[in-house]
Amino acid sequence: MSATANGGRSRVPRSSPAFWQRQTRRVARLQWQRRRALLVVVLMAGVGLGSSGVNAVSAAGASHGVRAQSAEAATINADAGRLASQYRGNRQGLLEAGRAGLAAGRNDATVAEFLKLGWARRLDAALERNGAMLDSAHDQQVALGVAGVRYFASQIHTGLLRAGSGQLITVSLKAQELIAYERGRVIVDTLVTTGRPALPTDIGAMQVLSKDAPWTMKSPWPRGSAEWYPDTPVQMVVWFTQNGEGLHDASWQPNSTLGPGSQNGPYASHGCIHVPLAAVRLLFDWAPIGTPVVVYPGDGSPVADQVAQQSVDAQGNPTSGVRGD
């Protein structure tokens, strides 16, 4: 066979199997190139759509945030106008309203912090910014600060009552007051007596661990000790720590002696919380195991100062030692 003018290569007849194998490979390569090009186009379109989608979501989120801030500002400004009119000529009254709102907001924010409710931190920061305005020399600025304090304190309180399981027991040491909530509704609101200065009731987030009815309190301290007491029966007790702290009735203490300052008086406990019998009956039946019990200073100081007094670990176990009735 003679050579051809194709660079010395032999020409393969179209009827041969080698020719059709080569053609099949060529067609396969072309199909793969087309599919790859189409895939690139689709991916590029997808990236474009994804970027647009992300941008749209970001823009929508930012827009919602701006609207929410505008609504907050409008509400606060409207309330500031009402307050300025209501307290015109009574700057002291306006300041007292603002300070009371600031203290209440700080106390609720402290409970939220003990419960590790992170959303409350933004509201607490806003509360403090508005609280700083109470020191202004201008009445209009003070009115705006009071309005802001009232707004953010209300937001913290409402959020706190909606958090978790919906059941919550709080005890303010300053007010010597116990309040039990269920989905924002007050179940029990009563004055109490907590631990004496030498054996204060632990501070922090704890929970209902067990319940007993009746029960006899036995002194964990030996006879002759300054803290010893004789066996003391109670009708029912709701335990919230494993070192001897519980909510219980105290028949030996008149109800009239409960309340602010009673933790320093003759009926102060050894760490437990004395509760009127009618109230502890309600709590005993109402609070299931695991119900949060938050004991907090309640003195209206900034959250960091109140949290610094915590005496339980992250699991609610006291680090302060044994307690009694």
Side-chain angles (χ1 to χ4, degrees), residues 97 99-117 119-120 123-124 127 149-195 201-209 211 213 235-241 245-250 253-263 269 272-300 303 306 316:
R99 288 168 183 152
L102 180 60
R106 285 170 166 175
N107 289 341
D108 279 339
T110 298
V111 175
E113 183 65 22
F114 277 138
L115 292 172
K116 297 180 173 59
L117 303 177
W119 55 260
L123 297 175
D124 178 54
L127 178 79
V149 161
R150 285 161 42 122
Y151 177 85
F152 289 108
S154 175
Q155 292 291 303
I156 294 169
H157 186 71
T158 299
L160 178 63
L161 299 188
R162 291 176 178 171
S165 65
Q167 288 183 282
L168 172 65
I169 298 172
T170 66
V171 178
S172 166
L173 296 181
K174 176 72 172 179
Q176 289 290 289
E177 181 180 21
L178 179 152
I179 304 179
Y181 301 95
E182 182 171 17
R183 295 180 179 84
R185 183 168 62 94
V186 174
I187 302 299
V188 176
D189 186 346
T190 181
L191 296 176
V192 298
T193 293
T194 61
T201 302
D202 278 298
I203 293 173
M206 294 156 275
Q207 62 178 300
V208 173
L209 299 177
K211 297 182 277 187
Q235 293 199 35
M236 52 192 61
V237 56
V238 178
W239 302 105
F240 58 87
T241 75
E245 291 167 293
L247 306 162
H248 65 78
D249 57 289
Q253 179 177 1
N255 285 348
S256 61
T257 64
L258 300 167
S262 62
Q263 71 272 36
S269 79
C272 283
I273 299 176
H274 296 173
V275 183
L277 179 57
V280 80
R281 278 178 175 154
L282 282 171
L283 292 171
F284 192 92
D285 293 334
W286 168 80
I289 304 303
T291 299
V293 178
V294 179
V295 180
Y296 63 105
D299 57 9
V303 171
Q306 295 196 52

Residues Val149, Leu127; criterion side chain to side chain contact (heavy atoms under 4.5 Å, CB included); working and verdict: CA-CA 5 Å; Val149 161; Leu127 178 79; 4.0 Å; yes
Could you report the tightest heavy-atom contact between [X] and [Y], atom names first, then the distance?
X	Y	value
Ala175	Leu191	O-CD2, 4.0 Å
Leu258	His274	CD2-O, 4.0 Å
Thr194	Ile273	CG2-CG1, 4.0 Å
Val208	Ala287	CG2-CB, 4.2 Å
Val275	Ala279	CG1-CB, 3.5 Å
Val294	Phe114	CG1-CD1, 3.9 Å

Stepwise side chain to side chain contact (heavy atoms under 4.5 Å, CB included) test for Val293 and Val238: CA-CA 11 Å; Val293 178; Val238 178; over 6 Å; no
Where the side chain of [X] meets the backbone of [Y], is there a donor-acceptor pair that is under 3.5 Å apart?
X	Y	answer
Lys211	Leu283	no
Thr201	Gly195	yes
Gln155	Leu123	no
Gln263	Gly261	yes

Contacts of type side-chain contact (heavy atoms from CB on, under 4.5 Å), residue [X], not counting sequence neighbours:
X	value
Leu282	Val188
Ala120	Ala112
Ser262	Gln176, Thr193
Thr158	Ser154, Arg162

Testing Thr170, Ile187, Leu160 for side chain to side chain contact (heavy atoms under 4.5 Å, CB included) with Tyr181, which one passes?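 Looking at Thr170, Ile187, Leu160, the match for Tyr181 under the side chain to side chain contact (heavy atoms under 4.5 Å, CB included) is Thr170.
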side-chain hydrogen bond (donor to acceptor under 3.5 Å, both in side chains) against [X], all qualifying residues, sequence neighbours excluded:
X	answer
Asn255	none
His248	none
Trp286	Glu182

Interatomic spacing from [atom1] in [X] to [atom2] in [Y] - rounded to 0.5 Å:
X	Y	atom1	atom2	value
Leu173	Tyr296	CG	OH	9.0 Å
Asp124	Trp119	CG	CH2	10.5 Å
Met206	Thr241	CE	OG1	7.5 Å
Leu209	Ile289	CG	CD1	7.5 Å
Glu177	Asp189	CD	CG	4.5 Å

Residues two or more places apart in sequence or in another chain: which of them pass salt bridge (charged side-chain N to carboxylate O under 4.0 Å, His left out) with Glu113?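 Per chain and number, Glu113 pairs via salt bridge (charged side-chain N to carboxylate O under 4.0 Å, His left out) with Arg121.
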Within a strict 4.5 Å, meaning less than it, do heavy atoms of the Asp202 and Phe240 side chains meet? no
Using atom types as modelled, flag every donor-acceptor pair under 3.5 Å from a side chain in residues 100-110 to any protein atom, sequence neighbours excluded.
residue : atom : partner : partner atom : Å
Arg106  : NE   : Glu128  : OE2          : 2.8
Arg106  : NH1  : Gly300  : O            : 3.1
Arg106  : NH2  : Glu128  : OE1          : 3.0
Asn107  : OD1  : Gly300  : N            : 3.0
Asn107  : OD1  : Gln306  : NE2          : 3.0
Asn107  : ND2  : Ala103  : O            : 3.4
Asn107  : ND2  : Gly298  : O            : 3.4
Asp108  : OD2  : His157  : ND1          : 2.8
Thr110  : OG1  : Arg106  : O            : 2.8
Thr110  : OG1  : Gln306  : NE2          : 3.4

